[in-house]
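Naming convention: chains lettered A, B, ... in sequence-line order (proteins, then strands); numbering from 1 in each chain. In what follows, every heavy atom counts, from backbone to side chain, and hydrogens, waters and symmetry copies are set aside.
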Amino acid sequence: MIIAIALSLPFIVILIARPVLRRLALRNAVRRPRETLLVITGSMLATALMTAAFVVGDTFDASLRANAYTQLGPIDEVASVPLADASVLDHLAALRSPQIDGVLRATTTGASAAVVNSAGIASAAAPKAQLLEMDFAAARTFGGDASATGISGTTPGPGQAAIAQPLADRLHIGVGSTFTAFAFGHSVQLRVVQLLPQRGIAGWWTGREFVSYNAFVAPGTIARLAANSKVVAAPPQSSVLVSNLGGVESGDARTAAVVHTMDAALAGTPVKVETVKHDALDLAKTAGKSLTQLYQALGFFAVAAGILLLINIFRMLAEERRSELGMLRAMGMKRRSLVGAFASEGWLYAVVACAVGMLAGLGVARLVMAGAARIFNQRDPDFRLPIRFHFTTQSLQIGFTLGLVIAVITIVATSVSISRFNIIAAVRDLDTEKHAPRRWARVAWGVVVLLGATLLFAGITSHGVVAMLLGGGFAAVGTRFALRDRIAGRLLVTVTAGSALLWGVAAVSVAVALGGDLPIAGFIVQGVLLVIAAVVLVTEYQGEIGGALSRLSGRRLSVRLGLAYPLARRSRTMLTIAQFAIVVFILVYISVLAAMFGSQTDSVTAKVGGRATVYVESNRANPVPFGQLKAAGAQAVAPLVNVVADVTPPHATKSTKSFMSGFDSSFVSMGPPVLSDRGRFQTDADAYNYVLSHPDTAMVDDFFLSQGAGPPSAAVSIGDVITITDPLSGRSQHVTIVARSQNDWLGNGGLTSAATLRSIYGPSAVASHAYVRVASSASFSHTLEARYYQQGAKADPIRSLVEQRLSRQTQFFTLMRAFLAVGLVIGVAGIGVIMVRAVRERRRQVGVLRSLGFPAAQVSNAFAIEAMFIAMEGVLIGVVLGFLCTWSITLSNSFGDGLSFRVPVTAVSLLVGGTLLGALLATWGPASSAAKIKPAVALRIAD
Amino acid sequence: MAILEARGVRKVYRSGAQEVEALRSVDFAAEAGEWVSVMGPSGSGKTTLLNCLSGLDDIDAGAVLLGDRELHSMSDAERTQHRAASMGFIFQAYNLIPVFSAVENVELPLLLAGADARDARRRATETLERMGLSHRLRNRPNELSGGEQQRVTVARALAGRPQVVWADEPTGALDSETAAIVMDLLAELNGEGLTLIVVTHDEGVGRRAHRLVQMRDGLIVSDERLARVSA
């Protein structure tokens, strides 16, 4: 906000201290309210999009941050060991420190829960439940705020359970009802004595789901279930929970100090302290930030359109007031004052536009989040993130300030540029003569060429697509201006813009071929470069395009007149075309990607499932006996060990939580998922077999360790060494990545051998998941879930999982398109502004035409044709570039191989039709008013 | 025979509550092939008379007869068509379309009258050649001098071979030499049968007509038949 105020100060000073400039700025601003409204509408949209991007981040941050209250509350750190080793934690349990305000012991195990009738049939089941034991009196005092713990009442007695509300809802039970918990091959019937909210300790959940199916049971219940178990299962855990002094979030500030104290208390043991609160808050922050960045990056295209609109508006204002400005200069007004008056008027528009845009941004974000909530609601209920719309005043301030900074810089630069006119030429409304470039300008452009060449070279050697694209762009622009008086204009423009266009399309493929990738920044630079090059090229050949269209129309007069103005006012036309092109480009790009990804069901199913057809998950504490599945009709079964690991990527000091899955030879023999990069191996089977026989190797996908949206901050590549650590025991192992798997659509995490995970996790590494090949996926899945409800079995046809994922992905693309469609409003508003001004500028000419016998309908037709021509060119450039880029991406396999280019005919038709219709509607008013101009009135006013 | 006759034409300009009576029941007639000059001080109603009689502006009372048809009873489209077919206009400020070249400006009324594009271009070129502008066909108005622009305007007014040409201060923006050239041209065309109605402040221009109509405060105060003088 300080920046916004500092930026505004010069204009405030001008408006207060310079009465003449104030009068000029204020009176011009209020003279034509309708146009002022259009200018503000066009200018506010950029601020709205930027604000919306920040508020989307705030909302995701708040939604994830809410987990700190619902699933942790006062719990800041946790240290866990297998129940059998509980005594290891005795010393920690007795810990006292001025940094902490609570230490609590707890015993937990994964389980499944069901309401079973007398015939042994489950009427309701919760496959992923958790049994917990703790002293309720101690839990309530934990952290100093009883309400934050969610715990009330007394510790359940034998056969009793206090259950969290989500479990009650899932099983359709309440106080007094009974249900059965299953774990370690045993079961226990429990009577509900109390319902607890999903909050604090009552909501403490050790999995990654957002829902806590918790059942608090009497001390000793879990040990009895685990005793004499014949099932190979993950053992129960004994944990010590620690609460840092301070509130749910404020206590995080003491995490480092408390961990230090806890580590000292655990000295000599392999136990690792988990900073659960810090990790949850960190995840919220990371996810919120990455989503803000994603939406900002997408919004950049619309913001660029907004900047072009501002430039256009101010150039038109200057053209309209040219003789007035010339007179002011003739009367002795300094150029500096002229810039001051013009920029102050612009600042007035910008302040109002940014304030309105900031509020509009809240509305845009609200719509985006409503769409996001719909998408999340299609996920597995356990992983549905409850969306809590939230914004911070800081985000609003940043949105406002960014909008104002962009607007003011654009306005001041444009004001300076338009203040450089010849006074006589301005007063007499003559064309300004063009001068040959000065020597220093030629040298400066030469430096730009050199800079471009250097960047290009650096980009190629480092495989950096951003530097490659920027280098090509700078070289082309520099060459264009350095040689403009040496080489014929058309030849020079054709060669430089054409080269930039070709390079813009090819650079990504070249970078990918060299081993680089396409980051979001590269995508933005590519879009901007292509649009600039294409628009410049089209503008150079406008005469030919207009001539051809005129001939096509049989040289109809309204067509010739409609085309004459855009062809004559090329810089204005160029800016407006670019407004449309840049937004349509990104919309088409996303539409094609959505279509390409959306049509991949068959190929993705084959890749992620291999030859399996069903994916099975079950409770780690009571897994499905996979050996029995063949008897149930499975043609092949490949069990997987699935664990949660702390993974430390190379060169990182901090670990990230991730799933890791361990496979055995049955996985390879069944036909495993297809690898996206098998490294040095000849076949996928060779790579899998190598991992099986080398316990220090693993495979990961592109999004391994990703948190929030977009790729992970630390990408793991073939040849990298990562460290896998068991968070319970602290045991770890370094493994080398030898191949890359397909995107992890089934949630396996990294892949290594089951033996490797067993060596790290010991008895906790149980085979709880499996790939299964069956003849009829749907019926098998249904039967399996019914038969193994005690094991918490969840079976899904892989095709169905892929379809769900693709559907969510498609909807996410739709959400992005909706967000970006706001940018089209800028283009449409731009056309509206131009047409309103055009009618005003040409009143006299319309009067002349009407006096010559030009029918009113043809006048409005000519204006409509003019708007359509500009919009159509912009839209066509955007569509063609969008297709070109996505097509080149398919060729280079930037988004994975096997992705085939696809034209989303309906989506693109709607986009093109909608944009043109919007432009036509925006032109309707000005065109109609032009048609109504009385010839004598127009001539009288003008003369 | 009168090619145009105005009876009791009244025109009032309104701005808020204020009314200005620009024409007060004016009667006027012009014969085919006649050259009528309209003179008078600023605000006397000269341009308003031209606008109302040519159909560019509406009237509040009276009638303008073109043969047996009343101009202001025609629809806007009919009046527009009539202008395209039988009228030409010359303005003081040239009023050329800046994005069209000289030849494109001149062929405009021909195309509006429904002429074939090739024929329109040929006739426009011929007319410009007659105006001595054969070397300026492709130039846009901002590339022409004031005299050249006015000659293009005259060419545009004449290219469609209209029955009547209305000229509002045709020499107002020209130096005396160029003004004489333009007026000689108009006189030559009038000699070929063109009806010419010229609004002017310039006594010399006004006195070259067959008739000189003087206006004051929205009324025709004199209507004098003149002996033609040569340039």
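For chain B, the option among A/G847, A/A856, A/P855, A/A857 with the highest count of heavy-atom pairs below 4.5 Å is A/P855. Highest contact tally toward chain A, considering only B/P109, B/P162, B/P98, is held by B/P98 [criterion: heavy-atom pairs under 4.5 Å]. For the set B/Q81, B/R140, B/R156, B/M87, the count of heavy-atom pairs under 4.5 angstrom toward chain A peaks at B/R156.
Side-chain contact of A/Q579 with A/T576: a donor-acceptor pair under 3.5 Å is absent, judged by distance alone. A donor and an acceptor atom, one from each side chain of B/S54 and B/R83, are nowhere located under 3.5 Å apart.
Separation of atoms CZ (B/R122) and OG1 (B/T127) is listed at 9.5 Å; rounding is to 0.5 Å. The structure places CG of B/D57 at 10.5 Å from CG of B/L50, a figure rounded to the nearest 0.5 Å.
Of the atoms belonging to A/L567, not a single heavy atom falls under 4.5 Å from chain B. Only the side chain of A/L557 comes within less than 4.5 Å of a heavy atom of chain B; its backbone N, CA, C and O stay farther away. Only the side chain of B/A117 comes within less than 4.5 Å of a heavy atom of chain A; its backbone N, CA, C and O stay farther away. With a threshold of 4.5 angstrom between heavy atoms, B/E143 does not approach chain A through any atom at all. A/R842 does not touch chain B: none of its heavy atoms, backbone or side chain, sits under 4.5 Å away. Proximity to chain A (any heavy atom under 4.5 Å) is restricted, for B/R121, to the side chain, taken from C-beta onward.
Contact detail for B/E70 and B/H72: the closest heavy-atom pair is OE1-N, 3.1 Å. Residue A/A919 comes nearest to A/V828 through the heavy atom pair N-CG2, 4.0 Å, listed as atom of the first residue, atom of the second, then distance.
Using a 4.0 Å cut-off between charged side-chain N and carboxylate O, B/D76 and B/R79 make no salt bridge.
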